[in-house]
Amino acid sequence: AMGAIAEGDVIVRNRDVIAAARVTESEFDDVAAAERRELDHRVTLFRGGTSQIDPGGHTAVVVDDGLATGSTALAAVSVLDQQGADAVWLAVPVAPSSPLGRLEAIVERLVILHRPRGFGAVGSWYRDFTQTSDEEVRDLLERARLA
């Protein structure tokens, strides 16, 4: 995970991974542009014509399946900060035992259920780490809108 993107032109760069993989700025920018197109597509697909919920004046809770580098969670938290959330909490079931300094510094509350020493990868802490399909996501969002 050399980084992550999010709405509002948020780009998170994981400098250590970029340096270790010898990724150039140009290569990173090309990947970020392709991912931005995918993000725009998914926003359109998942919102289904509904407007975005304004987090301004509210506490927002970001739930992630686990933190490895923390880049995706950092991107999500950054968007909510940009959009005026009063506070942002981050909840994850598993994360490395090492400090997650950037995240810990910007969220009001960080809840991690398990911080193993031999972390490895997020998926290794699940019996089933199958990706949720776009159709499942759309169905769940539609049910939530109707609730």
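What you see below is based on every heavy atom in this structure, not just the backbone, and it leaves out hydrogens, waters and symmetry mates. Computed from a prediction, not measured in an experiment: that's the story for all the values here.
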With rounding to the nearest 0.5 Å, note down the distance linking CZ in R42 to CD in E35. 9.0 Å

Sorted by first residue and then second, give each ring pair (Phe, Tyr, Trp, His ring centres under 6.0 Å) pair with at least one member in residues 82-117; sequence neighbours left out. H114-W125

CD-CD distance between Q131 and E136, expressed to the nearest 0.5 angstrom: 10.0 Å

Distance-only, no hydrogens or angles: does the E108 side chain make a donor-acceptor pair with backbone N or O of V88 under 3.5 Å? yes

Report the residue from T72, D64, V107 that forms a side chain to side chain contact (heavy atoms under 4.5 Å, CB included) with V77. V107

Sorted by chain and residue number, the side chain to side chain donor-acceptor pair (under 3.5 Å) partners of D29 (sequence neighbours excluded) come out as R13

Does L113 reach the side chain of V92, with side-chain heavy atoms less than 4.5 Å apart? no

Establish, from distance only, whether the side-chain atoms of T24 and S26 form a donor-acceptor pair under 3.5 Å. no

Supply the atom-to-atom distance L80 CG to H58 NE2, rounded to the nearest 0.5 angstrom. 11.5 Å

Are L39 and F46 co-members of a hydrophobic cluster defined by side-chain heavy atoms under 4.5 Å apart? no

Looking only at heavy atoms, what is the nearest atom pair of V10 and S78, with distance? CG1-CB, 4.0 Å

CD of E104 to CD1 of I106: how many Å apart, nearest 0.5 Å? 11.0 Å

Exceeds 12 heavy-atom contacts within 6.0 angstrom, atom CZ of R47: yes

How about V111 and L90: do any of their side-chain heavy atoms sit closer than 4.5 Å? no

Judged by atom type as modelled, is there a donor-acceptor pair below 3.5 Å linking the side chain of R115 to the main-chain atoms of P96? yes

Residue pair Q52 / V43, side-chain heavy-atom distance below 4.5 Å: no

So do the side chains of R102 and V12 get within less than 4.5 Å of each other, counting heavy atoms only? yes

Interatomic distance, M2 atom CE to N14 atom CG [nearest 0.5 angstrom]: 10.5 Å

Tell me the closest heavy-atom pair linking G66 and P93, and the distance in Å. N-CD, 4.2 Å

Is it true that E142 and R138 make a salt bridge, defined as a side-chain N closer than 4.0 Å to a carboxylate O? no

Which pair of heavy atoms, one from S71 and one from A4, lies closest together, and at what distance? O-CB, 3.5 Å

Among side-chain atoms of E7 and Q83, is any donor-acceptor pair under 3.5 angstrom? no

To check you understand the geometry: which heavy-atom pair defines the closest contact between R36 and I11, and what is its length? NH2-CG1, 4.1 Å

If you compare all heavy atoms of A68 against all heavy atoms of V122, which two are closest, and at what distance to 0.1 Å? N-CG2, 4.0 Å

Reported CZ-to-OG1 distance for the pair R109 and T59, which is rounded to 0.5 angstrom: 10.5 Å

Taking C-beta and beyond as the side chain, do I112 and L100 meet within less than 4.5 Å on heavy atoms? yes

F119 versus L67, closest heavy-atom pair with distance: CZ-O, 3.0 Å

If the condition is salt bridge (Lys or Arg N to Asp or Glu O under 4.0 Å), which residues does D86 pass it with, not counting sequence neighbours? none

May I ask whether V137 and L140 are part of the same hydrophobic cluster, defined by side-chain heavy atoms of I, L, V, M, F, W, Y residues being less than 4.5 angstrom apart, directly or through others? no

Side chain to side chain contact (heavy atoms under 4.5 Å, CB included), that's the test. Do V61 and V63 meet it? Break it down for me. CA-CA 6 Å; V61 180; V63 180; 4.0 Å; yes

Following the transitive rule for hydrophobic clusters with a side-chain heavy-atom cut-off under 4.5 Å over Ile, Leu, Val, Met, Phe, Trp and Tyr, establish whether L74 and V94 coincide in one cluster. no

R145, CZ atom: more than 12 neighbouring heavy atoms under 6.0 Å: yes

